[in-house]
*Asks:* 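My questions all concern the structure below.
Hydrogens, waters and symmetry mates play no part in the numbers below; they use all other heavy atoms, side chains included. Counting starts at 1 for both ligands and their atoms, following the listed order.
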Amino acid sequence: MQTGISKRVRRFLPLALFAVALAAVAACTPDHGQSTFGTAGPVAESQKDIFALIFWVAMAVLIVVEGTIIFIALKYRRRRKAEGYPEQMHGNTRLEVAWTIAPAVVLAVIAIPTVNMIFRLDREATEAAANLEVVVTGHQWWWEIQYTGEDVVTANEVHIPVGTPVRIVLNSEDVIHSFWVPKLAGKVDVIPGRANQLVAEASAPGVYFGQCAEFCGEAHALMRFRVVAQEQEDFEKWLDDMRRAPLPPAADSPAERGRGLFVANCSMCHSTGTHDPEQARRERETQRFRQEQFLKDPENARIIAAPNLTHLATRLTIGAGMVELNEGTLTAWLRDPSDIKRGNRMQKLAQVYRTGGLNNEQINQIVAYLLTLKPAPGGQAPVAGRPAGGDPVVRGKELFTSLGCSGCHSTGSDQILGPGLGGIAQRAATRVPGKNADQYIHESVKKPGEFVVEGFPNAMPPNIGQGMSDDDLNALTAYLKSLP
Ligand code: CUA
């Protein structure tokens, strides 16, 4: 029985291998999104040319070597048992010299244009910085995208202008990744502690697939992105839009409640803001703190690197290129991120998922809020006013969440990004000589850089306190002092 099975397996094995080979060759179809053959720019084109050269050289070697083997095997085969073994021979200097020189020549033919192009593309990458520089940072498992000198940050979607060589600088915050846009450029390794670069150029507008091409952990295959190539004026409009704030959600709408939930549960890791220099400074501080915490205890880090969600509603996909972005996929993502992206760190580490996740109503509200994240038409959006009155402690508790304090401060002793605020009334009264608790809290809210507690980053946004009315400040202080 056993031999029967193995015989059947043996008979089908070549067929199976042939089918696998066919499937592999099918990936070469030029119009496939991740095929390197249908190139869409000069960089990918010259990389393809090198590939073609190597392919045909290898093909010639294959034909000569295999042809010779087959020819010799047939011509000198033993025809009758009686013939005995052929004459045995050892060494042939002329042949050995020939088959040493021939591969050396073949390798030179491949190496000279390859090395030449590596240097040329690197030079072009340096020069392309004069046009546009995009800094791409690899994270497990998504891509952070920053535009040098433009104060614009986004994630998993690289917008570039058509017909312009662009310098892409590659960094990693954790492990080695590899940046690859099959139709435009790549692959170049993305290495922690080292800035690599590449030049990319798209000849025609379009959306091009990108993919991490270096095994980097559980969700490596799901670490995708898109390059959106646009006409110059569309690209500039996109950059302008990225700097504009979204319209705030209407008062008492589900989106408004979603904003509160987002601020309380998501904002410590996900920024939704455009990138002014002050915010950039705070994000650097936050990043330093985050890395420290992460190195101390990666399994329990309370804040992690997470995609910047500025104008999320204008993006094409979520989950680093996993699925198209729409209300349905956003809802599915918040309900069970692993269903869309196995291995994602949000579900593993975010406090809200560790403590049971969000209910359906909360998810719908957050989705409603996320879908408001798009540039307000025509200029800066107004900031919504807040009604005053009522019990100050209740009002302060509301403000604590709606202003986003709860994103970084627990109300007990747990550290998130800032100190836990349980018992702050006693500590605040003695922290700075000559200041009572009220004065200390007021000044800490108004000027967050003043009294940074040792060991914590100076990362609190100063604008939180700046626009605050005295009523609100007193209410917030009353609430904080009520924390046991
Ligand atoms: Cu990142 Cu593979």
*Asks:* Using 30° and 60° as the class limits, which term best fits the ring planes of F262 and Y369: parallel, tilted or perpendicular?
*Replies:*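 The arrangement is tilted - the two ring planes meet at 30° to 60°.
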*Asks:* May I ask you to decide whether K237 forms a salt bridge with E233, counting only side-chain N to carboxylate O separations under 4.0 Å?
*Replies:*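 No, no charged N to carboxylate O under 4.0 Å.
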*Asks:* At less than 2.8 Å, would any N/O/S atom of C212, backbone or side chain, sit next to atom 1 (Cu) of ligand 1?
*Replies:*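 Checking C212: at least one N, O or S atom is under 2.8 Å.
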*Asks:* Does any N, O or S atom in M223 come within less than 2.8 Å of atom 1 (Cu) of ligand 1?
*Replies:*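 Checking M223: at least one N, O or S atom is under 2.8 Å.
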*Asks:* Among the N/O/S atoms of H220, select the one at the shortest distance from atom 2 (Cu) of ligand 1 and name it.
*Replies:*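 Nearest N/O/S atom of H220: ND1.
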*Asks:* Does the side chain of Q197 pick up a donor-acceptor pair with the side chain of R167 at under 3.5 Å?
*Replies:*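 Yes, side-chain donor-acceptor contact under 3.5 Å.
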*Asks:* Whether R226 engages the ring of F209 as a cation-pi pair (distance to the six-membered ring centre under 6.0 angstrom, angle to the ring normal within 45°) should be assessed.
*Replies:*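 Yes, a cation-pi geometry.
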*Asks:* Restricting to N, O or S, what is the name of the atom of E214 that lies nearest atom 2 (Cu) of ligand 1?
*Replies:*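 Going by distance to atom 2 (Cu) of ligand 1, the closest N, O or S atom in E214 is O.
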*Asks:* To make sure I understand the geometry: which N, O or S atom in H177 is closest to atom 1 (Cu) of ligand 1?
*Replies:*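 Within H177, restricted to N, O or S, atom 1 (Cu) of ligand 1 is closest to atom ND1.
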*Asks:* Assess C216: does it contribute an N, O or S atom lying under 2.8 Å from atom 2 (Cu) of ligand 1?
*Replies:*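 Yes - counting backbone and side chain alike, C216 has an N, O or S atom under 2.8 Å.
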*Asks:* Is there a ring pair (Phe, Tyr, Trp, His ring centres under 6.0 Å) between F235 and H159 once you walk through the steps?
*Replies:* CA-CA 7 Å; F235 171 72; H159 285 245; 7.4 Å; no
